[in-house]
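Working notes, structure below.
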Amino acid sequence: MIQPLKAFREFWPRDRVFDFLIPEIPPVLDTSHRVILYLEGISVSFDGFKAINDLNLYVDKGELRCIIGPNGAGKTTMMDIITGKTKPDSGIAWFGQTINLLSRTEPEIAEAGIGRKFQKPTVFEAHTVFENLELAMASDKRVVPTLFSSLTGEQKDMIDQTLEIVGLSESFKSRAGSLSHGQKQWLEIGMLLMQKPVLLLVDEPVAGMTRQEMEKTAELLTSLAGNRSIIVVEHDMDFVRSIARKVTVLHQGSILAEGNMDDIQNNPKVREVYLGE
Amino acid sequence: MKRLSFIFDDKLGIPLLIALGAAMIMVPVLNLMVPETNFFHVSTFTMSLWGKYLTYAMLAMAVDLVWGYLGILSLGHGVFFGLGGYAMGMYLMRQIGTRGEYGHPILPDFMVFLNWDKLPWFWHGFDMFPFAAVMIVLVPCLLALVFGWLAFKSRVTGVYLSIITQALTYSLMLAFFRNEMGFGGNNGLTDFKDLLGFSLLSDGTKAGLFAVTAGCLILAYLACRYLVSSKLGRVLAAIRDAEDRVRFLGYNVETVKLWVFVFSAGLAGIAGALYVPQVGIINPSEFSPLNSIEIVVWVAVGGRGTLYGAVAGALVVNWAKSYLTGALPDAWLFALGALFIVVTIFLPKGIAGLIRLRKEAA
C-alpha cells in the first residue's frame, strides 16, 4: 500500500512549491563589475547584407560614449539590438551582470532601465511641456490607476527638476507643438529622464540644431553622464569633440577603432574610411 | 473645491451645464404648470422633440469621446444606441401584456402574428425593469468589448477601423430586419403603453422623461469631463497624436482604447434607451449606416474634442433638420452635405472653435 505512494513522494514535498507557482522575479541590474553593457560577437544580416559583423562593445557605468561612423555602418541596427527591436543572428547582449537583453521584449528592456531617444523628436504637440513630462513619468500605467491618479508633491518636484535640467522651466506651460526644434529635442530627453533610465541611447541629438542649441545640448549630455551611462550616436564631429571622452568608430558593422578623440583623429584607418583621406 | 476643478476648468462647459440644469427643471414646469394659452407654455410636442435631441446629444458626446479625444473615427455608434434602444423596447413590449391587439398575456403582438407559441429565450427577464436596465448598458458594452478587442488587438486603425464599424452597423441592420431574429423584423418594436407603471401617453410621463434625459445628459457630461481631464484623458489625446510614442512610454494603448470604447458604447446604449420611450418606436433603420455617419456630422459641426461642442452640434443640426424637413422636405440631405463640407473647410473646429476664436479676439 505504502510502496506505490513512495514513488510519488517527490511530487508532494511540503517544503517546496511547484516551479510554475513561483512568481518570476526579474533580476535586478547588477553593475558590480563596472560594466553596464556587454555586446559580444553580435552579428545580424538583412537579406544577406551584414549590418553588424562580430561586434564587441563594452560600456562602463556612468560613461558618456560617442559612436561615430559613416552611413550604413550599423549604428542604428546596434541601437535596435540593445532596445530589443532587432534580434541578432548570433552573439550575446547583457545589461549589467544579470539581465540578458536578448531574451526580453522591448517594453521589458525599457522597464529594466534603457531609454532611447530617436532621431526625429516626437513629443505630444497638443499637450503642454509639463504634461509631456507627466505622461512620461515612471508610474503605474494601467488604465484605472491612470484615471484616478493625481500628482504627489514628490512627483511634481521631480518634474520641476527635470524641467530645470533640460532648461525648459520657463516654458512649462507652453504647448509642446510651439517649441523650437532644439527645445523639442530637450523635452524628449527630459521625457526619457522621467523614466529614470540607467542607460540612455541618444540618436543624432544635434541634427538640425543651431550652434547655440548644440552647445547647450553638449552641456546637457555631459551633465547627465555620471549618474547614468549615455551612448550618443552622432555625425557632427565638432559636437562629438566637445562632449566625448571615449569614441568608438563603427565601420561595416564592426569596431574600427576606440579611444579618445585625439587618438581617433590621428588613426590612419579612421582617416581612410571616415574622413575619406 | 480642488476635486471639482475638472468641472470648472472648462469655461465653456459651465454655460452648458447651467442651460441643461435649467431646462431639466423649467421645461417640465412650463409644460405642466403654465396654461396652454399662456405665451410661456411649452407644448408637449416641443418638449418630446427636444427630449429626443438631448438623447442625440448624449450619443454625440459618446462619439466625441472616442473620435475627438482618442482619434478613433467610429462610424458605427448607431449600433450601440440601437441596442440600448432595443433593450428598452423589449421591456416596454413586455409591459403591454394583454392590452395588445391579440391580447396574449406573454407574447408580444408580432410573435402571435408569426404564429410563435413561446417566448424566445433572450426575451426572458425583460418583464423586470432592473434586468432591462442592466441589459441596456451590458449588451452594447459587451459588443463593444468583443469588437474592440478584435479590432484593437490586431491594431486596426484609421480609415480601416471606420470601414469595419460601418460594416458592423450594416450587418446588424440586415440581421434585425429578419423576422426570425425575434425583434419584430422591419416593423421593430412599437405600440408601447407604459413605463414603470406610468402611461407613456400622459404629459406628466413625458415631462418626467424629459427631466430624466436632461439629468442623464448632465451626469454623462460630468463623467466624460472627469475622464478627459484626468491623466487618462491626457493619455487619450496623446494616443490620438502619437500612438507609437505612448506605447513606448509603457502605456498599454490597446487596453486604453478598449475600455474607453466600451465606456462610450455604454453611454450610447443609455442614450438609446432614453430615446425609445420618447419616440415610441425602435426599428432596424436605427442601425442604418447613414445614421451613424450623421452622428459624426453632429460632432464635426459642434467641434470635436470639446464635449460641449458635441452637445451643441447635435442640438443645432437636429433642430435644423426638423425645421428643414418641414419647410423644404427635399432640401435636407443637400443641406446636411453642404454643412459637412462647409464645416470641414471653413470651421475645422466646429462651433466650439468659432466661440473660442471670438473669446480670444475679445
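Excluded from the calculations below are hydrogen atoms, water molecules and symmetry mates; all remaining heavy atoms, backbone and side chain alike, are included. Fair warning: this is a prediction, and the values are worked out from it, not measured in the lab.
Taking B:Phe81 as the reference, B:Tyr275 meet the ring-ring contact (aromatic ring centres under 6.0 Å, His included) condition, with sequence neighbours excluded.
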Which donor-acceptor pairs lie under 3.5 Å between chain B and chain A?
residue: B:Lys231; atom: NZ; partner: A:Ser139; partner atom: OG; Å: 3.2
residue: B:Arg234; atom: O; partner: A:His127; partner atom: NE2; Å: 2.8
residue: B:Arg234; atom: NE; partner: A:Glu134; partner atom: OE1; Å: 2.8
residue: B:Arg234; atom: NH2; partner: A:Glu134; partner atom: OE1; Å: 3.1
residue: B:Arg234; atom: NH2; partner: A:Glu134; partner atom: OE2; Å: 2.8
residue: B:Arg245; atom: NE; partner: A:Thr122; partner atom: O; Å: 3.0
residue: B:Arg245; atom: NE; partner: A:Glu188; partner atom: OE2; Å: 3.3
residue: B:Arg245; atom: NH2; partner: A:Glu188; partner atom: OE2; Å: 3.3
residue: B:Leu249; atom: O; partner: A:Lys141; partner atom: NZ; Å: 2.8
residue: B:Tyr251; atom: OH; partner: A:Leu135; partner atom: O; Å: 2.7

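For B:Val260, no part sits under 4.5 Å from any heavy atom of chain A, backbone or side chain.
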Can you check side chain to side chain contact (heavy atoms under 4.5 Å, CB included) on B:Val235 and A:Phe124, steps first, answer last?
CA-CA 10 Å; B:Val235 173; A:Phe124 304 122; over 6 Å; no
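Other residues, nucleotides and ligands place no more than 12 heavy atoms under 6.0 Å from the CZ atom of B:Phe346.
Closest of all the heavy-atom pairs between A:Leu147 and B:Leu232 is CA-CB, 3.8 Å.
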